[in-house]
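What follows is one structure encoded as structure tokens, with my remarks underneath.
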2 protein chains.
Amino acid sequence: MNIGEIAKRAGVSRSTVSYALSGKRPVSDETREKIQRVIDDLGYRPNASARALANGRTSTIGLVFPPAGDHYTGMQLDFIGSVVEAAAAYDYDVLLSPSGVDSDRSFQRLLGERRVDGAILMEIRLQDDRVDHLIAENFPAVCIGRTAQPEGDWWVGLDHTALAAACVHYLADLGHRRIAFVNRPERLLRAGYESAHRGLDGFTKAAAERGLTARTYDCGDDAPSGQACVERILHDDPDTTALVTLNEAALGGLYRGLAHAGRHVPRDFSVTGVVAARWAETVTPQLTAADVPAAQMGRLAVELLVERLDHPDAPPRQQLLAPPISLRGSTGPAYAVGPASPGSA
Amino acid sequence: MNIGEIAKRAGVSRSTVSYALSGKRPVSDETREKIQRVIDDLGYRPNASARALANGRTSTIGLVFPPAGDHYTGMQLDFIGSVVEAAAAYDYDVLLSPSGVDSDRSFQRLLGERRVDGAILMEIRLQDDRVDHLIAENFPAVCIGRTAQPEGDWWVGLDHTALAAACVHYLADLGHRRIAFVNRPERLLRAGYESAHRGLDGFTKAAAERGLTARTYDCGDDAPSGQACVERILHDDPDTTALVTLNEAALGGLYRGLAHAGRHVPRDFSVTGVVAARWAETVTPQLTAADVPAAQMGRLAVELLVERLDHPDAPPRQQLLAPPISLRGSTGPAYAVGPASPGSA
DNA sequence: CCCATCACGCGAACCGGTTCGACGACCGGA
DNA sequence: TCCGGTCGTCGAACCGGTTCGCGTGATGGG
């Protein structure tokens, strides 16, 4: 069922069939209809590999996701879903590539073997050899997140620094003086994950600026780790009255840890952070948080990539998002707790 | 940077390079090393489209996911992740296809245009035209889930009937007499989703068998819907003492609804169901549930598909899983509550 | 009436691999 | 010395599209 077969049955040449389909050259109404009838009869569809070979475009974009491998967070699901849908709207397929265990290998598959026209990278690190590599090759790619030197690159990112700082200021305004930061796992921090680093920076600086007592913690991407993390926090400083987190997978565990410690949210303890709305709403009380607009970011990334593919020489474009904090029920004014606090301020 | 270039620089013919790479015909050590050196120098990788065109295999499998479009649940993420990783182990890439808005179109893209060698389907319906279509075409596919007549097909599935029944029996053994079932959204039920239907069946039959008073509810795939659903349940029958759910996205909302109604889990009210462990652990108290082994199912689906691809005439294989109920903290013995109960039994 | 123009369609080359048949060199045995 | 068989390599055809240059018949203006 190839184009030659169609041509034969329609009594025309292969090239005429091709032109009738692509419209790149005029074809008389009569022949076009004749061809179309044959195509409809046989249910013909042009072979994607042959087309890709001939015109050098695969109509596929690669989605390179976490070197994390073991654990996926809900945010990533939203990214994937929105990227796939946005890509479909532009007639692109999405090829998933785990840069997991053997990141080079799958990278070579995507780029070296020309399986994709362009790529979207998730889970960016401040120093990211994947990004360096792509820039060096001038390969059309868009990052979800940005490296330490993001100037000349294409990306859509979240201003984690500002968002974490906003959370701190919000808590400080409520009167909290002793707060904690619950970050992603140490492994990711060591690897240089940008959200973990920029969030930590924003938190630390804002806390210093407001003269708060602040501690920072790493926490595994799961509920039990979150619970354990709260135990550490309250052990290290029982007077802590609030926490900020980027770790949505640990959120349920954080709440459980607080409940077990007898801290009522938000009466005794406030929780906030940077989390996708869907997940902020699963906990009780619902989390006051800067909502990660994951779906929007995925869509934007595709739009940028399509622009880059259509205009290979276009100047780099970026989108830095900083969603506002959505007020829900997990934060409240700080009250003096325990014997140590009255003396402060 | 194509095979001809390599051949020229190594001073051999294109076919010799091809054989040196594939090993399908003997090549002298000397020539092979010479070729390999050139390849390493230039960083050559064979073009995937050309190769696919020539040998008819794309080394790509399609992952067809939900017509749900708007909402993704955590389970799906686990499926996707495990499928991608398992596929990578067999040297397959994964092409994501949203059978969302326009299921036919993307289906045609995958199969008609020969973008993939085989496919894995998620979110199966009891009557599923996608599956019928694939079977009719004898296209190599494996379903995660099964249709109403699954005999001759390839699939890995979860025994939702048995699992939902096991939850009912477990609750009945604890003394619960009035229970509710929280299903997926009505839209999915109407569409014929197998998990929703088989789960509902198992629940209903087991409840009848045990002589329980049982009500069933549809519930949106999000926390607010879960909360509203609990309100409906307690409004319809305030003496309800337990619920069974398949709806992991609503889980957090179910807990919130119970908390707002003043029901303490598990003292006043037991909750159980069929939910992936990761999500069962995010709520407090952690959910006693049959853990959906999503990662295992994804892996199995890939293994079955690879077998089917390697042996086109192999007889269909299936895997029906029925994980045991993991005891956590969300269930307990039933006590007489409210004025209406004492008369029962 | 003749030639320039145009619309339409054809054939061939090409994209970059794989694979098959053939061929020359070299070997050992008769 | 000649012959048969292996081993290693080559050239050509093929996979199924796209695209370029050209030919042809119809059309119309001078």
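Chain letters run A, B, ... following the sequence lines, proteins first and then strands; every chain starts at 1. Nothing here was measured: the structure is a model prediction, and the numbers come from that model.
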Next on the checklist: Go through it in stages, so that I can follow the logic: the residues are A:R146 and A:V131, the test is side-chain contact (heavy atoms from CB on, under 4.5 Å), and I'd like the CA-CA distance, side-chain angles, deciding distance and then a yes or no.
Outcome noted: CA-CA 9 Å; A:R146 60 208 155 109; A:V131 178; over 6 Å; no

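- Annotation: proximity of residues 38-61 of chain B to DNA chain D (heavy atom, distance under 4.0 Å) is found for B:L53, B:A54, numbered in ascending order.
- For residues 86-96 of chain A, the pairs satisfying salt bridge (Lys or Arg N to Asp or Glu O under 4.0 Å) are A:D91-B:R105, A:D91-B:R109, A:D93-B:R109, A:D93-B:R115, with sequence neighbours left out.
- B:D117 places no side-chain N or O within 3.5 Å of a backbone atom of B:I61 that could act as its donor or acceptor partner.
- The side chain to side chain contact (heavy atoms under 4.5 Å, CB included) search around B:P26 returns none, not counting sequence neighbours.
- In 5' to 3' order, the nucleotides of DNA chain C bounding all contacts with chain A (an atom under 4.0 Å from a heavy atom) are C:dC8 to C:dG16.
- Against DNA chain D, the stretch residues 8-33 of chain A makes heavy-atom approaches under 4.0 Å through A:R14, A:S15, A:S18, A:Y19, A:K24, A:R25.
- Scored by the side chain to side chain contact (heavy atoms under 4.5 Å, CB included) test, A:A276 finds A:D78, A:E248, A:W279, A:V292 as partners (sequence neighbours excluded).
- B:Q318 places a side-chain N or O within 3.5 Å of a backbone atom of B:E151 that can act as its donor or acceptor partner.
- Listed by first and then second residue, the side chain to side chain donor-acceptor pair (under 3.5 Å) pairs involving residues 32-42 of chain B are B:D29-B:R32, B:Q36-B:D40 (not counting sequence neighbours).
- One axis for each end of the helix from C:dC1-D:dG30 to C:dA30-D:dT1, each built from five base pairs, and the angle between them comes to 60° at 10° resolution.
- Residues meeting the side chain to side chain donor-acceptor pair (under 3.5 Å) test with B:D153, sequence neighbours left out: none.
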Tabulate below the donor-acceptor pairs under 3.5 Å that side-chain atoms of residues 43-55 of chain B make, not counting sequence neighbours, or state none.
residue, atom, partner, partner atom, Å
B:R45, NH1, A:E113, OE2, 3.3
B:N47, OD1, B:S49, N, 2.7
B:N47, OD1, B:A50, N, 3.0
B:N55, OD1, B:R57, N, 3.1

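- Among all heavy-atom pairs drawn from B:G62 and B:L110, the shortest one is CA-CD1, 4.3 Å.
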List the atom pairs, with distances to 0.1 Å, where a side-chain N or O of residues 299-315 of chain B and a protein N or O form a donor-acceptor pair under 3.5 Å, not counting sequence neighbours.
residue, atom, partner, partner atom, Å
B:E307, OE1, B:R317, NH1, 2.3
B:R308, NH1, B:A141, O, 2.9
B:R308, NH2, B:N138, OD1, 3.4

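- Residues satisfying the salt bridge (Lys or Arg N to Asp or Glu O under 4.0 Å) test with A:R9, not counting sequence neighbours, are A:E5.
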